Amino acid sequence: MIFAQVDTAQKRLDDHLPYAGEAAVADVRRLAQALLGARVLHVSSTPYGGGVAELLHTIVPLMRDAGLDAQWFVMDGAPREFFEVTKKIHNTLQGMEDDLTPGEWTLYGDVNRRLAAVFPEGPWDFVVIHDPQPLFAGAMVRGLAAAGGKAEGDRWFWRCHIDLSTPLESTWERLHPLVNQYDGAIVTSRKYAREEVAIPVAEITPSIDPTSPKNLPLDRGRARAVLLEFGVDPDRTLLVQVSRFDPWKDPFGVIDAYRIVKAQYPDVQLALVGSIALDDPEGVRLLDDLKQAAGGDADVHVLSNQDGVHAAEVAAFQQEADVVIQKSVREGFGLTITEGMWKARPVVAGQATGCRLQIEDGHSGYLIGSTEECAARAVQILSDPGLGQALGHEARETVRRRFLSTTHVAHYLSLFGKAMERGQEA
Ligand code: UDP
């Protein structure tokens with residue numbers, strides 16, 4: 001097992017000017033002045049699949065363009081059972097009641113010990129460990145460095161992308177002492193900060209990259225051709241949910257909502273577009289179950305990266321959707337919501353905190369608490385094209401103001417800058 005460096009594409013802050021505006025880009029450059037050459041290490045579990053990887057592919061190269069020496073490493077060669085365990089940790093942190101067995105904790109500890117032994121060689125000025133998978137390894141390396149007097153200038157952060165509002169006690173009890181080994185924690189919303197966390201907690205909301213193929217406008221003809229390629233009729237009404245195949249995203253609820261809509265709009269189609277992440281064995285099982293649930297309805301399309309749905313195809317589905325659905329029960333943030341909003345689509349999303357962080361109900365989308373409500377909002381949008389347009393317009397402006405990559409990088413730089421000042425005072 002090793003840590004492998006992820007080779008990210010080059011990105012330039014200047015390319016963000018047309019979307020984020022001059023002030024936002026200037027802000028990043030100003031904050032970077034005090035941090036030029038700083039060595040920043042991001043550690044996460046996987047280079048592709050899911051929101052964290054999506055974010056780091058932009059944040060890391062933009063930090064580099066701003067003048068920092070930012071690098072990103074992922075674990076390579078961890079056994080499949082480890083990811084079963086970390087998925088369970090993820091699920092229980094979001095509130096699922098399914099205690100980990102002593103054997104599962106042992107596996108988590110063993111893999112992390114081996115990871116700690118091959119941790120990317122420093123010195124680093126700032127280390128950001130993402131999510132629970134490498135949390136323990138980071139805590140160990142941080143602890144060892146501190147004990148050996150080698151952690152003088154560096155600052156270690158645990159970046160939690162998960163909705164921590166209702167964790168299962170038995171999981172959280174094990175993890176919070178590890179979190180407290182760090183210098184700081186970063187959460188997506190203050191609402192996720194828990195009192196057991198004794199270190200400073202910063203709030204940083206995620207973002208989307210307006211220059212990525214996922215978020216650039218697609219030529220209409222090309223987008224329609226993508227739909228056709230996957231058996232979807234571009235001239236008929238389309239509901240879309242893009243998500244990993246994960247129970248928290250409630251894909252079965254989306255099918256139920258679609259069936260209610262279908263009773264009023266017989267020509268409606270549904271596309272459930274999802275990727276299977278390397279660290280997500282549960283997703284494979286769910287994909288099969290969903291295909292079963294679609295049960296021979298030719299207007300329900302369950303598509304994944306295994307069918308050839310990648311970034312450009314995801315973009316086409318989002319862009320051409322009449323309604324984007326994100327029926328999440330729990331959602332740390334929900335980049336798929338941000339992506340739909342940026343494409344000026346009306347988004348109907350669950351009441352999860354991550355959805356509420358982005359959508360102002362009735363203004364920039366709709367928040368729903370049940371399958372019936374989800375269907376009712378979709379019907380309302382389908383029966384009033386002006387409404388969909390108005391919601392979509394507000395949605396795009398919200399993303400421009402708050403959720404583009406430049407703002408995200410600025411938040412990190414500001415956090416690093418403050419940590420450095422504190423270090424110099426100490
Ligand atoms: N995604 C994708 N293909 C898919 C499903 C998802 O590229 O088939 C992307 C999606 O566009 C988004 C990210 O994966 O950028 C998912 O992030 P989100 O925060 O919505 O959910 P997470 O997977 O992190 O829970």
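As the structure is a computational prediction, the values presented were derived from the model and not from experiment. As the structure lists them, so they are numbered: ligands from 1, and atoms in each ligand from 1.
The residue from Val242, Ile208, Thr188 that puts a heavy atom closest to atom 6 (C) of ligand 1 is Val242. Considering only non-hydrogen atoms, atom 22 (P) of ligand 1 lies nearest to Lys249 out of Glu54, Gln241, Lys249.
The distance from ligand 1 to the heavy atoms of Thr336 drops below 4.0 Å at these ligand atoms: 10 (C), 12 (C), 20 (O). Remark: ligand 1 atoms within the under-4.0 Å shell around heavy atoms of Glu339 are 10 (C), 11 (O), 12 (C), 15 (O). Atoms of ligand 1 lying under 4.0 Å from at least one heavy atom of Ser275, given by number and element, are 3 (N), 4 (C), 5 (C), 6 (C), 8 (O). The atoms of ligand 1 that sit less than 4.0 Å from any heavy atom of Gly334 are 19 (O), 20 (O). Proximity to Arg244 (heavy-atom distance under 4.0 Å) selects the following atoms of ligand 1: 22 (P), 23 (O), 25 (O).
Results of the side chain to side chain donor-acceptor pair (under 3.5 Å) test with Arg330 over Asp246, Thr353, Thr166, Asp250 single out Thr166 as the only residue that passes.
Formation of a donor-acceptor pair under 3.5 Å by the Arg356 side chain with backbone atoms of Gln351 is found in this model.
Arg236 is listed as a side-chain neighbour of Asp299, based on a closest heavy-atom distance under 4.5 Å. Inter-residue side-chain proximity for Ser165 and Lys191 is flagged as unmet; no heavy-atom pair is nearer than 4.5 Å. Residues Met75 and Phe83 have side chains in contact (heavy-atom distance under 4.5 Å, counting atoms from C-beta outward).
For ligand 1, the polar-atom distance check against Val309 finds no nitrogen or oxygen pair separated by under 3.5 Å. Residue Val314 has no N or O atom closer than 3.5 Å to an N or O atom of ligand 1.
Aromatic ring centres of Phe126 and Tyr412: separated by at least 6.0 Å.
Nearest protein heavy-atom contact of atom 7 (O) of ligand 1 is Lys214 NZ, 3.0 Å. For atom 18 (P) of ligand 1, the closest non-hydrogen atom on the protein side is Leu335 N, 3.4 Å. For atom 16 (C) of ligand 1, the closest non-hydrogen atom of the protein is Gly51 N, 3.7 Å.
Aromatic ring pairs are classed by plane angle as parallel below 30°, tilted from 30° to 60° and perpendicular above 60°; the pair His161 and His130 is parallel.
Here the CE-CZ distance, from Met1 to Arg113, works out to 11.5 Å after rounding to the nearest 0.5 Å.
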